[in-house]
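So the structure is just underneath, and the comments pick up after that.
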Amino acid sequence: MTDRRVDEKEVGVRPGERTVFVTRTYMPDLEAYTGMLRGIWASGQVTNNGPLCQELESALLPHHGTRHVLLMGNGTITLQIAIRALEVGGEVITTPFSYVASTTAVLWEQCTPVFADIAPDGFNIDPSAIEAAITPRTTAVLATHVYGLPCDVEAIERIARRHGLKVIYDAAHAFGTLYRGRPLLSYGDVSSCSFHATKIFHTVEGGSVACNDAALYDRMRLMRSFGHIGDAHHIAGINGKNSELHAAMGLLVLARFKEILERRREQWERYAACLSGVPVRTAHIPAGTQYNHAYFPVVLPNEAALLAVVEALGAIGVMPRRYFYPALNTLPYVNRSGGCPVAEDVARRVLCLPLYHDLSDAWIERIAEVLNRTVR
Ligand SMILES: *Cc1c(COP(=O)(O)O)cnc(C)c1O
């Protein structure tokens with residue numbers, strides 16, 4: 001579907017415009033990046049926690065709101081390292097509505113994902129479903145702040161405390177969201193973020209873990225670099241490092257992040273205004289949230305309507321994405337016992353509309369118009 005090329009003349013795409021995908025990577029000023037590359041060339045240090053990685057890590061700290069942050073190679077290894085460092089085993093209660101990496105990370109760490117359904121009329125895991133899924137083998141909850149919208153962090157923390165469970169947040173979408181005046185990334189025992197090129201803040205490939213516990217931080221830091229410092233080998237680690245070239249990209253994108261957030265809010269509000277009166281459900285921003293407006297999901301009345309919208313948008317060169325489909329509890333390699341009817345239903349009907357820094361207002365209006373025409 002996303003590989004389909006549309007003849008721009010035929011479909012009336014304006015000259016010079018290309019296919020509109022769900023996202024487009026923010027590219028900083030090339031001259032500025034070249035300048036940073038010159039510095040890297042001069043020093044000869046391209047990786048292994050060099051000065052740019054350290055500078056980025058420090059600059060990222062206030063965006064996470066925790067005592068410690070580690071920059072890593074991607075947002076999947078961060079989840080795996082968090083699971084490992086917290087000594088999570090047995091069953092991990094997780095969400096059926098997320099990107100597949102939040103389930104595969106659990107599986108790769110030899111744990112059993114147990115799926116707790118999402119809340120009706122929302123996108124995030126339902127705390128009462130978490131409570132119902134707890135068994136003597138449960139050791140942790142791995143929840144995703146889907147689309148950068150906060151989970152019910154207070155309820156999850158209460159349940160975790162009562163049952164002695166660890167809480168890991170897959171906060172891959174949450175960079176820039178504040179909840180109750182604090183970065184959403186500051187909640188949980190560990191929050192993991194992704195800085196992949198498709199995310200609102202990116203380092204091309206990259207990720208972070210954030211925590212407050214110093215011993216946990218030390219363990220994750222060791223794990224990031226094969227578990228040794230010089231010749232002293234402490235634990236069995238892995239390679240979770242990132243490079244100076246990625247950190248340079250991150251520093252330049254971070255310098256523009258305020259503008260990216262501001263523009264995203266305008267675009268998001270334009271979609272919301274254009275779609276008011278169209279019978280689709282959009283995201284509800286919970287009270288106390290300063291949202292990063294990372295995604296614009298629409299839940300269509302049924303799957304047939306979704307397919308009709310995909311077709312109609314495709315005809316004008318627009319490629320939305322089925323984020324997230326299918327529900328993760330239906331993956332062929334997980335234990336399918338116990339359905340998650342809410343997540344399975346939403347996964348069949350949800351579409352993320354294109355949203356990125358230089359998507360024009362005119363495109364937003366055209367996309368909304370197609371939706372309006374198709375769904376009515
Ligand atoms: C992008 C994403 C990941 C994976 O991050 P990578 O940096 O691509 O490894 C994990 N979870 C969610 C919810 C994501 O959207």
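Every number for a ligand or one of its atoms is a count from 1 in the order of the listing.
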Item to check | Cluster link I83 to Y333, ILVMFWY, side chain under 4.5 Å | outcome: no
Checklist entry - Would a hydrophobic clustering, with Ile, Leu, Val, Met, Phe, Trp and Tyr connected at side-chain separations under 4.5 Å, put F123 with V153? => result no
Checklist entry - Can you check salt bridge (charged side-chain N to carboxylate O under 4.0 Å, His left out) on E57 and K241, steps first, answer last? => result CA-CA 12 Å; E57 226 167 48; K241 293 179 279 100; over 6 Å; no
Pairs under 3.5 Å, nitrogen or oxygen of ligand 1 with protein nitrogen or oxygen:
| residue | atom | partner | partner atom | Å |
| --- | --- | --- | --- | --- |
| ligand 1 | 5 (O) | S194 | OG | 3.2 |
| ligand 1 | 7 (O) | G75 | N | 2.7 |
| ligand 1 | 7 (O) | S194 | OG | 2.7 |
| ligand 1 | 9 (O) | G75 | N | 3.2 |
| ligand 1 | 9 (O) | T76 | N | 3.1 |
| ligand 1 | 9 (O) | T76 | OG1 | 2.6 |
| ligand 1 | 11 (N) | D170 | OD1 | 3.4 |
| ligand 1 | 11 (N) | D170 | OD2 | 2.7 |
| ligand 1 | 15 (O) | H173 | NE2 | 2.7 |
| ligand 1 | 15 (O) | K199 | NZ | 3.1 |

Item to check | Step-by-step salt bridge (charged side-chain N to carboxylate O under 4.0 Å, His left out) determination, E259 to R263 | outcome: CA-CA 6 Å; E259 289 160 50; R263 175 70 187 136; over 6 Å; no
Checklist entry - Hey, do the aromatic rings of Y26 and H202 have their centres closer than 6.0 Å? => result no
Next on the checklist: Return the CZ to CG distance between R322 and L306, rounded to the nearest 0.5 Å.
Outcome noted: 4.5 Å
